[in-house]
Amino acid sequence: QVNLVESGGDSVQAGGSLVLSCEYSGDALSTKCLAWFHQAPGKERERVASTYYSNTGYADSAKGRFTIFRDNAKNAVTLQMNSLNDGDTGTYYCATKAPRGAEDCHSSSQWSFTYWGQGTEVFVSS
């Protein structure tokens with residue numbers, strides 16, 4: 001049984017920073033693809049960052065602002081978010097899947113991810 005629990009969501013002013021954390025347990029997740037998804041109000045979930053072993057990938061909207069970090073010793077993956085804007089408002093989910101390599105991990109949509117956390121809310125005020 002795989003379990004993912006997100007934390008760290010908060011209200012922040014535009015230009016500010018947040019660190020989201022996802023603690024995972026269960027399967028051998030050190031070998032899995034881990035990703036953060038963002039779901040803005042009224043929109044579908046979109047992948048913002050992903051990690052497969054030491055390889056990372058980012059959506060264009062996240063490049064240069066967000067950093068994903070996998071800590072296998074702590075069974076956690078974090079998302080450092082800087083220079084936040086109101087477009088970053090929404091629910092952030094941690095998800096995992098068994099990938100077919102790094103490219104698959106960084107290009108997969110939400111529909112191919114197997115396990116999800118419950119989400120954590122971020123609100124950015126301008």
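Since this is a predicted model, take the numbers as computed values, not measurements.
In this structure, a donor-acceptor pair under 3.5 Å is absent between the side chains of Gln1 and Asn3. A donor and an acceptor atom, one from each side chain of Gln39 and Thr91, are nowhere located under 3.5 Å apart.
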Subject >> Pair Phe66-Leu84, side chain to side chain contact (heavy atoms under 4.5 Å, CB included): steps then yes or no >> reply: CA-CA 9 Å; Phe66 294 2; Leu84 288 164; 4.0 Å; yes
**OP:** Walk me through it: do Asp10 and Val122 pass the test side chain to side chain contact (heavy atoms under 4.5 Å, CB included)?
**Re:** CA-CA 5 Å; Asp10 204 348; Val122 172; over 6 Å; no
Original post:
Do Thr51 and Val77 pass the side chain to side chain contact (heavy atoms under 4.5 Å, CB included) test, and can you show the C-alpha distance, the side-chain angles, and the key distance before you say yes or no?
Top reply: CA-CA 9 Å; Thr51 174; Val77 58; 4.2 Å; yes
**OP:** Could you go through the side chain to side chain contact (heavy atoms under 4.5 Å, CB included) check for Glu6 and Tyr93 one step at a time?
**Re:** CA-CA 7 Å; Glu6 303 97 332; Tyr93 297 91; 4.0 Å; yes
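In this structure, the side chains of Val48 and Met81 stay at 4.5 Å or more apart for every pair of heavy atoms. You'll find the side chain of Thr67 stays beyond 4.5 Å of the side chain of Leu79, heavy atoms only. Contact check for Asn82 versus Ser17: side-chain heavy atoms found under the 4.5 Å cut-off. Two residues are said to be in side-chain contact when any heavy atoms from C-beta on lie closer than 4.5 Å; Ile68 and Tyr58 meet this criterion.
Checking side-chain atoms of Asp88 against main-chain N and O of Asn85 turns up a donor-acceptor pair under 3.5 Å. With hydrogens and angles disregarded, a donor-acceptor distance shorter than 3.5 Å links the side chain of Ser107 to the backbone of Glu103.
In this view, Ala35 and Phe37, Arg47, Ser50, Phe113 satisfy the side-chain contact (heavy atoms from CB on, under 4.5 Å) rule, not counting sequence neighbours. The side-chain contact (heavy atoms from CB on, under 4.5 Å) test applied to Ala40 returns His38, Lys43, not counting sequence neighbours.
Listed by first and then second residue, the side-chain hydrogen bond (donor to acceptor under 3.5 Å, both in side chains) pairs involving residues 68-78 are Tyr24-Asn72 (not counting sequence neighbours).
The distance from the OG atom of Ser125 to the CD atom of Gln13 is 5.0 Å, given to the nearest 0.5 Å. We find the NZ-OG distance between Lys97 and Ser112 to be 3.5 Å, quoted to the nearest 0.5 Å. Expressed to the nearest 0.5 Å, how far CG of Leu20 lies from CD of Gln80 amounts to 9.0 Å. Rounded to the nearest 0.5 angstrom, Glu46 CD and Ser109 OG are separated by 11.0 Å. Here Ser108 contributes atom OG and Gln110 contributes atom CD; the two are 11.5 Å apart, rounded to the nearest 0.5 Å. Atom-to-atom distance recorded for Glu121:CD and Ser11:OG is 9.5 Å, nearest 0.5 angstrom.
Across all non-hydrogen atoms, the minimal contact from Val5 to Gln118 is CA-OE1, 3.8 Å. Minimum interatomic distance between Trp36 and Cys22 (heavy atoms only, all atoms of both residues): CZ2-CB, 3.6 Å.
Both tests do not hold together for Arg45 against Trp111: distance to the six-membered ring centre under 6.0 Å, angle to the ring axis within 45°.
Between Phe123 and the options Thr89, Val12, Asp86, a side-chain contact (heavy atoms from CB on, under 4.5 Å) holds for only Thr89.
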